[in-house]
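Quick note on labels: first sequence line is chain A, next is B, and so on, each numbered from 1. The structure displayed is predicted, hence computed values, not measured ones.
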Amino acid sequence: MSQDNNGIKAKLFRWYQENQRVLPWRGSKDPYKIWLSEIIMQQTRVAQGTPYYLKFVEKYPLVTDLASADEQEVLKLWQGLGYYSRGRNLLKAAQQIVFEYKGVFPCEYNEVIKLKGIGPYTAAAIVSIAYNKPHAVLDGNVYRVLARLYAIEIPINAPQARLVFQKQADALLDKKNPGVFNEAMMELGATVCLPKNPDCPNCPVLSYCKAYKSGSQNILPRKLASRSVKTRYFHYLMIKKSGKFYIRQRLAGDIWQGLFELPLIETNEVDFLTINQINEILDTKITFLKPIQKTMHKLTHQHLEIVFYEADMATPIRDNGQILTDNKGLKQYPLPRPLELFLNDYLCKPDSIS
DNA sequence: GATGCGTGGTA
DNA sequence: TTACCAAGCAT
């Protein structure tokens with residue numbers, strides 16, 4: 001078995017040398033840049049995350065630059081990437097590094113994992129790639145590669161999976177070059193050992209793959225059924241007031257924490273809102289209401305049916321926290337994707353604001 | 001330890 | 001079109 005593992009590693013390393021993609025953060029030993037790339041790439045495709053990595057490195061070349069930013073500014077740069085807690089935690093961790101570690105990135109796994117937003121995967125990735133420490137990463141790619149290589153039937157999202165797969169990853173890890181090994185395993189999963197229709201003919205470790213041997217590469221890894229999607233109904237009001245309009249910041253405990261949006265009414269119904277309903281909900285006097293756009297926005301476990309309205313009211317909204325802004329001022333506010341799309345479209349129309 | 005958190009690509 | 005899911009983490 002140990003012989004098999006040596007063979008796997010040799011084939012994997014050779015394949016990685018010849019087939020690795022060129023990525024902006026590859027080859028860097030700067031823990032700050034490795035950390036940045038790892039956070040940005042969590043649950044994110046390389047093509048989607050890469051422009052954000054480049055933006056962040058340019059705007060914040062050093063961890064001290066990032067630590068002195070404010071949250072709204074970081075979220076604005078993060079806008080459109082999703083999972084915004086990553087952006088908020090990125091800032092907190094930068095401040096931890098500056099104030100608790102004097103600006104020097106910690107190099108021990110047990111210290112790195114204490115940083116906000118860094119869990120077992122990211123800590124292992126950073127210390128193995130930046131400092132060549134022997135910690136095996138376990139991400140979606142590695143789970144899939146290991147499940148097939150060793151024909152592991154335990155669902156990868158089952159509670160006991162982490163322990164079992166970590167054991168396999170640790171056993172296979174190349175202790176001399178853990179960083180390259182980790183990157184090679186992930187690269188194999190990302191480019192060859194794909195979730196659907198894996199490219200087995202081009203796999204460097206095909207001869208060791210138990211799943212391939214038994215023809216089960218298309219049903220592994222197993223996965224427990226995910227929970228259902230719920231639908232929510234959002235009604236956004238474009239309320240204009242002397243060339244400006246109202247926005248407000250979303251709070252903790254729901255999607256899009258820290259981002260900004262138009263005044264929102266959420267209902268349990270698909271229907272359009274009436275003036276009377278809004279007057280009751282907001283305790284105000286609506287003088288004009290017109291639905292102008294309807295859209296569906298899909299999150300992983302929520303489907304949002306969104307209606308945008310133009311509205312006028314006799315008195316301003318009582319609710320504190322409302323901000324008046326205009327087309328130009330809006331640029332500093334991070335927006336959820338559907339709000340960004342709507343406002344871009346709406347505000348570029350002549351006469352939209354008057 | 002189960003659940004919540006985005007967006008966009010792919011088949 | 002729908003379903004899956006991509007370099008996970010916090011609570």
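Taking the six-membered ring for Trp and thresholds of 30 and 60 degrees, A:F234 and A:W256 have ring planes more than 60 degrees apart, a perpendicular arrangement. Below 30°, between 30° and 60°, or above 60°: for A:F272 and A:Y309 the angle between ring planes is above 60°, a perpendicular geometry.
Among the heavy atoms of the strands, none lies under 4.0 Å from A:R162. Using a 4.0 Å heavy-atom criterion, one finds that A:A47 contacts no nucleic acid atom at all. Contact annotation for A:W25: base contact, defined as any heavy-atom pair under 4.0 Å involving a base atom. Within 4.0 Å of A:T122, counting heavy atoms only, lie sugar-phosphate atoms of the nucleic acid but no base atom.
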Inset, instruction - Determine, step by step, whether A:W78 and A:L90 satisfy the side chain to side chain contact (heavy atoms under 4.5 Å, CB included) criterion, reporting the C-alpha distance in whole Å, the side-chain angles of both residues, the deciding distance to 0.1 Å, and the verdict. - result: CA-CA 10 Å; A:W78 200 272; A:L90 197 68; 4.0 Å; yes
Inset, instruction - For the pair A:F56 and A:V74, evaluate side chain to side chain contact (heavy atoms under 4.5 Å, CB included) and give the outcome as yes or no after the intermediate values. - result: CA-CA 9 Å; A:F56 269 86; A:V74 172; 4.1 Å; yes
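For residues 56-72 of chain A, the side-chain hydrogen bond (donor to acceptor under 3.5 Å, both in side chains) pairs, not counting sequence neighbours, are A:Y60-A:E73. Applying the side-chain hydrogen bond (donor to acceptor under 3.5 Å, both in side chains) test to residues at least two apart or on different chains, the pairs with a partner in residues 174-202 of chain A are A:R21-A:E187, A:R26-A:E183, A:R26-A:E187, A:S128-A:N182, A:D199-A:N202.
Taking atom P on both nucleotides, C:dA7 is separated from B:dG4 by 23 Å, rounded to a whole Å.
With rounding to whole Å, A:E38 atom CD is found 9 Å from C:dG8 atom P. Rounded to whole angstrom, the span from the CE atom of A:M296 across to the P atom of C:dT1 amounts to 11 Å. In this structure, the CE atom of A:M41 is 11 Å from the P atom of C:dA7, given to the nearest Å. When rounded to the nearest whole Å, the span between CD of A:E187 and P of C:dA6 equals 15 Å. Across the protein-nucleic acid pair, A:D139 atom CG and C:dG8 atom C1' stand 9 Å apart, rounded to whole Å. The distance between atom OH of A:Y53 and atom P of C:dA6, rounded to the nearest whole Å, is 23 Å. At whole-Å resolution of the value, OH in A:Y143 and P in C:dC4 are 20 Å apart. Rounded to whole Å, atom C1' of C:dT11 lies 12 Å from atom NZ of A:K92.
When each of A:K116 and A:L23 is assigned the nucleotide of DNA chain C with its nearest heavy atom, A:L23 is the one assigned upstream, toward the 5' end. Looking at which nucleotide of DNA chain C each of A:I118 and A:V46 is closest to, the 5′-most match is held by A:V46.
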Legend entry - Per-nucleotide protein contact string for nucleotides 4-11 of chain B, where B marks a base within reach and S marks sugar-phosphate only (heavy atoms under 4.0 Å, - for neither): BBBBBB--
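Applying the under-4.5 Å side-chain rule to Ile, Leu, Val, Met, Phe, Trp and Tyr, the cluster around A:Y83 consists of that residue alone.
Residues from residues 261-269 of chain A with heavy atoms under 4.0 angstrom of DNA chain B: there are none.
Using a 4.0 Å cut-off between charged nitrogen and carboxylate oxygen, A:K210 and A:D4 do not count as a salt-bridge pair.
Among all heavy-atom pairs drawn from A:P198 and A:N218, the shortest one is CD-OD1, 3.3 Å.
Judged as a side-chain contact (heavy atoms from CB on, under 4.5 Å), and not counting sequence neighbours, the contacts of A:I265 are A:H235, A:L237, A:T267, A:L273, A:I278, A:I281, A:L282.
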